[in-house]
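Below is one structure, written out as structure tokens; the observations come after it.
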Amino acid sequence: MRMLEVKNVSKFFGGLTAVNNVSLKVQKGEIFGLIGPNGAGKTTFFNMLTGIYSPNNGEIVLEDTMIQKLKPFQIARLGVSRTFQNIRLLGNETVAENVKIGMFRKTKSGLISAIMNSKSQQKEEKFVEEKVKQTLMEVGLEKYMDLNAGNLSYGNQRKVEIARALVSDPKLILLDEPCAGMNDTEVEEINFLVKRIRDNGTTVIIIEHNVPMLVVLCDNMAVLNHGEKIADGSPEKVTSDSAVVNAYIGSEEEEVI
Amino acid sequence: AEKSEGKEGSKDSKKNNQDAIKIGWFGPLTGPTSTDGQISLNASQLAVDQINENGGINGQKVEIISVDDQGKPQEAAKGVQKLMNSDKVAAVISGAYSGPTLAAASLVQKAGVPMIVSYAKHPEATKGGDYVSRMIYTSDVQAKALADYAVNDEELKTFAIVYMNIDYGIESQVALEKEISELGGNVLVSKSFNMGDTDFNSALSAVKEKKPDALFVVAYYNEGASIVSQARQMGLESRIIGIDGLDAPKYLELAGEHAEGTVISTSFYKADEREIVQNFVKAYKEKFNTELSITASQSYDAVLAIKDAIERSSTDREDIAKAINSTKDLEGTSGSITIDENHEVVKPIVFMKVENGEFKYLHSKTY
Amino acid sequence: MLTIKNLNVFYNQIHAVKDLNLELNKGEIVTLMGSNGAGKSSSLNAISGLIKFSGSILFNGDEINKLSPDQIVKKGIVMVPEGRRIFPKLTVLENLLLGAYTRNVTNNIKAKELEEIFELFPRLEERKRQLGGTMSGGEQQMLAIGRALMGKPKVLMLDEPSMGLAPIVVKDIYETIKKIKGQGLTILLVEQNAKKALSVADRAYVIENGQIKYHDEARNLLEQDVIQKAYLGG
Amino acid sequence: MIVEQLINGIALGFVYVLIALGLTMVYGVLKVLHFAHGVIYMVGAFSAMVGILYLNLSFIPALIFALVISGLVGVGIEKYAYRPLKDVHPITVLISGVGIAILLQNLFQIIFTSDSHAFPKTNIKVHSIDIFGIASLTNIKLYMIIIGLIVLAVLYLFLNFTKMGIAIQAVSQDRKAAALMGINVNRIVMVTFLLGSMLAALAGIITALNYNSLSPAMGDIPGLKAFCVVVLGGLGSIPGTVLGGLILGIAEALSTGYLEGMPIDTNAIAFILLVAILLIKPSGLFGKNIEKV
Amino acid sequence: MSLLDFINPYYIDILIFLVINILLGLGLNLTTGFAGQVSLGHAAFYGIGAYTSAILSANYGVNVWISMLIAVVVTFLLGALLGLPSLRLRDDFLAITTLGLGLVAHSFFNNSQLTGGAYGINSIPAPLFFGIEVENVGYLLFVVLALIAAIYIMRKITRSRIGRAWVTIREDETVAQSMGINTMYYKVLAFAIGAAFAGVAGALFAHKIYFVNADSFTFTTSATILSMIVIGGLGSIRGTLLGVTLLYTIPELFHIFDVGNLLNLNYLDNYKMILYGLLMVLVMRYSPKGLIDIKNIKTKKINPAVKSGDQNVGS
Ligand SMILES: Nc1ncnc2c1ncn2[C@@H]1O[C@H](COP(=O)(O)OP(=O)(O)OP(=O)(O)O)[C@@H](O)[C@H]1O
Ligand SMILES: Nc1ncnc2c1ncn2[C@@H]1O[C@H](COP(=O)(O)OP(=O)(O)OP(=O)(O)O)[C@@H](O)[C@H]1O
Ligand SMILES: [Mg+2]
Ligand SMILES: [Mg+2]
């Protein structure tokens, strides 16, 4: 079953082609890996999926909805959430407040009910608090709930980001280098978390430079290079592709250690 | 003892004279227009000091209580409340521009406290009741005088007007256009500017192109001096005729040689040989060591009018108001002062011309 | 060469580095490892004079605690900061020349030094007129290292040079680090990627919650169980 | 008349350019909207007056004296009102600047009263120059344009071909990295304030000389317009600032010269223009706003 | 001073203008402090509110209560309209653009026929309550009621989901969008509500002072209000109450106690302004988050979890 289908999508910045005519398909319930050298266009690709950039041409279909012309908040409301390559938390707000923001798309109270402090608004707030607590427990951050997010370590901040994306039970979650700057043990934890997210029924697309990790984790992968897709398919197939090895992985993987 | 008290001014007279007659004053003491405010206050203070030296009003001392309106209506409103209610003044003098004066006017009318507007010209100021009257002629009267002078006396035909974009400026510009065309003259171009502007080249280029016989400068001295200087520098040779806003020593200082030949209308001139004027000029110079201007004369006369009114009635506010409204032929520094049924002043308008860096008296006439 | 004694760093209420002691000998590569937020960058920033700290830092026996960042650079301690921080609107060449900002040398010498850098990173020569901000992540990292080398440092500090880079680029960078070491520089390397770091380092310090937990020869640490578990994923 | 109005506009534009250049440079290194800049313009004019009137200097030494004083005032403002504010919301710095502006302006009002003063007599005689009979302008206006061009050329050379200039650029782009290159950031910021303040003072002196008038409030409107110019050009962009200043000067001259009966006045033209341009180009004429996500 | 002095209309006036300023400050704090949309042109909305109610009641004879209501609606709508640039512009660009809009509005007030140009609007009626003019103490009661309502509404909104959306937009717009927040809607809403507060303040001002002209709605007004709320503390209702009250009252005390005459100062008001400027610089320096944060200068809150160093789950 198709979760996402991208057809011939391109993005130009001035004279620069960041993403060039890329097509790919992601199935429901899979973990899909996206790799490629620096500047290959991976993050740009995510930005198009989430509406932050609109593609210069091509189509993006989420389940049955064309989303390439939608605004970011509209796409988010369709159930797509994401994390950012450079952590973007509200540093002066508590961890709980940060995660609450993730629930925004699931709530509705407007100006009038805010002023009236209506029943429905109170109920909604309660629901949000519970959901936030539950999600923080899932990522193991419940004890930091009331700390300012900016005071957490880098790794924990990444987890708050993931929690924020996760809290609203998205259909599709996009993770942009969730393991950057983490050591191998921390990587393992994220690994485990991603699997659990998938097992709860959310489709995952993940960008990472940690190839060994992705090989184990992903059901399918695609490789971008200079904005073009140069390979896709199963992890084994992709990582043994000679173009991929030349452009990205390098040939003598074992030598360094 | 009396004498030293007078010299000290109001600073500590408050303690000494519990039953002094209090006159409130408000005007700008800070902000860009504070020079006018300061001059106005000085002159009013001087008048009060002189009155006290000569035994007060009906034997009672007089005291000025001042508040700064910063040139803002809101501050004037608060200030006048303070004067009326905390200080319980018998009458108020506006040493302020139009905005603050108007804000204060509606309050004094409501509270029934007499007020004399010393130099603000907003037409509405005196219209809300019987408590506000004005020491300065209105823009309409001045425009009539200026048009008469230019078209009838000097036989000039074509004109340009550069006017400041405030009520006084607009009022004057509209009245000038009307009066001039009624007398058969022709206003070729009118350009407005904002208070605080320094560059008038664009407006003056437009004037120069039309080559008018005379340029009316409807401005206060700061901008007026710049306008006249820039006009001359760019080679505009028309006659320059100005309103009373130019009547200040600063105008001569700022415009320098370019001021030569400017004709202005005003209500006061220093060289007037009447004793009251000469006394005033001398005392002002002694006390404050600065040059005085029309603003000073207006504010001085405002105090005189209040004194005159109290002498003719009582210290009751309503009585004073009535008495002010019936002022007739009171001798002030700006001539013989009468207040008409519209609470406006009737007094002669003076024409002066700048010659050798000084204002020279031409003639005067009552309109 | 560089001796750090009882280094403490506070960010308001956060005690980020606690009584850190560290020693750097001439010509060696020392790596400072530790998980996220352990205090690695804070330590380097303190040495560079970028942040306030307490404790003492000796360089060739002289105290440099009180010096400002520019004075420390003049002493010969240069850092390649986390996230590269090249000047995005200056060209590659201008970026490199800024590396030599503190040194009063003739243009001829500078040109010669540039040649050396270009030998190390041929890619930079190809792109020398390009604006720094338009380079890819890996290229920017090369530029950052090249720029630091233009300062002719005696001690080079590298903060996570491999972060967010493609594996192939990481390899390149580590090749370079080895080459630089060959030229006799003293290097303090901060890395998350413990395997990589230990593969080039002579000695290693492991920092946890702002404190040094272990300190040993690199090859010894590689084998230790605790290290394996905490940093090498098993 | 159109030629004359264009020249009026260009001369006026160069005054805006001079004030705005300093503002742009300061924005570059500190990323703050320096609200006390307009006051420096005023300080410059008054210092020149004091130099001539009370120190009996002739014009050029008085000019230099004024530039030095204003430069120092600028440096002082940075040191005491801006530098202590690190890692705070930019609006905090802005308010501090507003505070300094209020303080200095009132100080000058106490010393010099709020009135206008004539600029002291100098041996520079104002006269008008005829250009082929199609326009005329005063010699000072011509100087204004020439000085503007010279300043621009010098500034361009300084920023692009001197070590200090490149260092200023480096600090504008990344303070921390600049420090790591061995650049003494505080000193660079200081130099920038010094230069920027001198430019503003120069504009103030030329204006006071040309219009033979100076007052403590003289910097208010030009200061605000300089902000407009800086933003119009794309904050921190020098070519943008130059273009923005000239556009503004010309727009004002033409609107005063040709428009009648508008429901707004000349001073508002600047901002109408600003809003219009920003709505088309949200980061100003020369601004780049690449937000990398 | 006797008790009677305190119901002196002068003191009542001081309080009324204080409350009006607080209302202004609250509105700006909502737009700038809570939603992060820096506005240097708040006086425009103050003016629009004042002129709308003034023109309707003085020139068209509309009942004052109704004209005030209309003024609030008009400022709300114009606030939304003038907030539109915030959709395209950020931070400093927005700050200067709003500064510009403020000056354009001032220029409009001062030149347009509609607003009486430089003459302003005169003879604005006071509101009537069962046929009696609401003045002095009555008016004070009325403005205080308006203030209480405003504070209540502001608290409720800022603590709701809308407040959360604003904070997110303030801190990171991209994140806000990605979390499903319609940033356009909420930014415009922040401007509109902030403007409506200013509209209330403006209308109250007009019917208090009976005369409006452009002088009351200058850049200085905007800058002063902004200073007051920043000095009080952005994003804090109590901060606004504190900041406005303090900065408003200090100069007033100079007048009440006639300091100028006591100290024999000629330029008293300049000294007052110097003090004011100095205060701004010092507060920003020693308590950059405003006076409301002043307790944090000495006693930094110590967070036990952090202090114990137990912060790395990973290790
Ligand atoms: N807003 C933008 N404006 C101009 N160029 C951009 C913009 N965003 C991205 N680019 C350029 O597009 C190209 C692709 O960038 P992108 O961030 O998508 O790479 P990436 O694959 O995520 O790389 P990395 O692994 O380093 O994160 C790069 O050359 C980048 O500089
Ligand atoms: N500017 C700052 N303000 C407040 N806390 C900070 C700041 N910088 C760092 N910290 C905190 O100090 C601690 C150490 O941070 P540091 O950046 O030195 O860690 P690190 O070892 O370099 O981590 P990483 O591997 O993630 O780069 C962390 O808890 C971090 O949250
Ligand atoms: Mg990326
Ligand atoms: Mg680090």
Side-chain angles (χ1 to χ4, degrees), chain D residues 27 31-33 35 80-81 84-110 113-114 220 224 227-228 230-232 234-235 261-275 278-280 282-284 287 289 291 293, chain E residues 32-33 38 40-41 84-85 87-97 99-108 110-115 117 173-174 178 219-220 223-224 226-227 230-231 234 266-267 269-286 288-290:
Chain D
Y27 186 86
K31 302 286 177 288
V32 302
L33 296 173
F35 254 92
Y80 295 106
L85 305 176
K86 289 231 164 90
D87 303 323
V88 295
H89 194 288
I91 204 170
T92 313
V93 189
L94 187 147
I95 299 294
S96 193
V98 174
I100 286 284
I102 292 179
L103 198 157
L104 279 179
Q105 193 170 332
N106 279 281
L107 193 66
F108 273 68
Q109 282 186 6
I110 293 176
T113 77
S114 63
D220 293 1
L224 292 183
F227 271 115
C228 168
V230 165
V231 172
L232 200 66
L235 279 165
M262 300 271 289
I264 53 153
D265 52 43
T266 334
N267 284 333
I269 298 273
F271 293 96
I272 300 262
L273 201 69
L274 171 82
V275 174
L278 285 186
L279 287 180
I280 299 162
S283 41
N289 202 6
E291 211 221 352
V293 181
Chain E
T32 297
V38 176
L40 291 172
L84 288 178
L87 302 183
R88 304 252 304 161
L89 306 172
R90 288 190 185 178
D91 305 331
D92 297 333
F93 285 93
L94 182 62
I96 300 301
T97 305
L99 185 161
L101 287 176
L103 293 179
V104 173
H106 175 260
S107 174
F108 180 82
N110 205 26
N111 288 279
S112 160
Q113 300 250 307
L114 181 66
T115 55
E173 238 180 283
T174 308
S178 304
F219 171 67
T220 314
T224 311
L226 184 66
S227 306
V230 174
I231 284 175
L234 278 181
N266 257 338
Y267 289 97
D269 292 282
N270 290 118
Y271 289 109
K272 178 185 84 191
M273 291 312 285
I274 287 181
L275 198 73
Y276 195 97
L278 205 61
L279 186 73
M280 285 161 74
V281 177
L282 292 179
V283 171
M284 291 303 95
R285 176 158 177 180
Y286 294 106
K289 291 204 174 134

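So that the names make sense, note that chain A is the first sequence line, chain B the second, and so on, each numbered from 1.
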Closest non-hydrogen atom pair, V281(E) against S96(D): CG2-O, 3.6 Å
Heavy-atom pair with the smallest gap, counting every atom of M273(E) and I102(D): O-CG2, 3.4 Å
Atom of L33(D), atom of A95(E) and distance for their closest heavy-atom approach: CD1-CB, 4.2 Å
Side chain to side chain contact (heavy atoms under 4.5 Å, CB included) assessment of D92(E) paired with Y27(D): CA-CA 10 Å; D92(E) 297 333; Y27(D) 186 86; 2.4 Å; yes
pair I110(D)-I274(E): side-chain heavy atoms closer than 4.5 Å: yes
Contacting region of T32(E) [heavy-atom separation from chain D under 4.5 Å]: side chain
Contact origin within I280(D) toward chain E - heavy atom pairs under 4.5 Å: backbone
Side-chain H-bond candidate by donor/acceptor type, N106(D) with Y276(E), under 3.5 Å: no
For chain D, the option from L226(E), V283(E), L275(E) that forms the most heavy-atom pairs under 4.5 Å: L226(E)
Portion of L87(E) that has a non-hydrogen atom of chain D nearer than 4.5 angstrom: neither
Shortest non-hydrogen contact from I95(D) toward S227(E): CD1-CA, 3.8 Å
Closest heavy-atom pair and its distance - R285(E), L85(D): CA-CD2, 3.4 Å
Within-4.5 Å side-chain heavy-atom neighbours: F35(D) and L40(E): yes
From CD1 (I96(E)) to CG (L274(D)), nearest 0.5 Å: 8.0 Å
Engaged part of V230(E) at the chain D interface, taking heavy atoms whose separation is under 4.5 Å: side chain
Chain D contact via A105(E) - side chain, backbone, both or neither, heavy atoms under 4.5 Å: neither
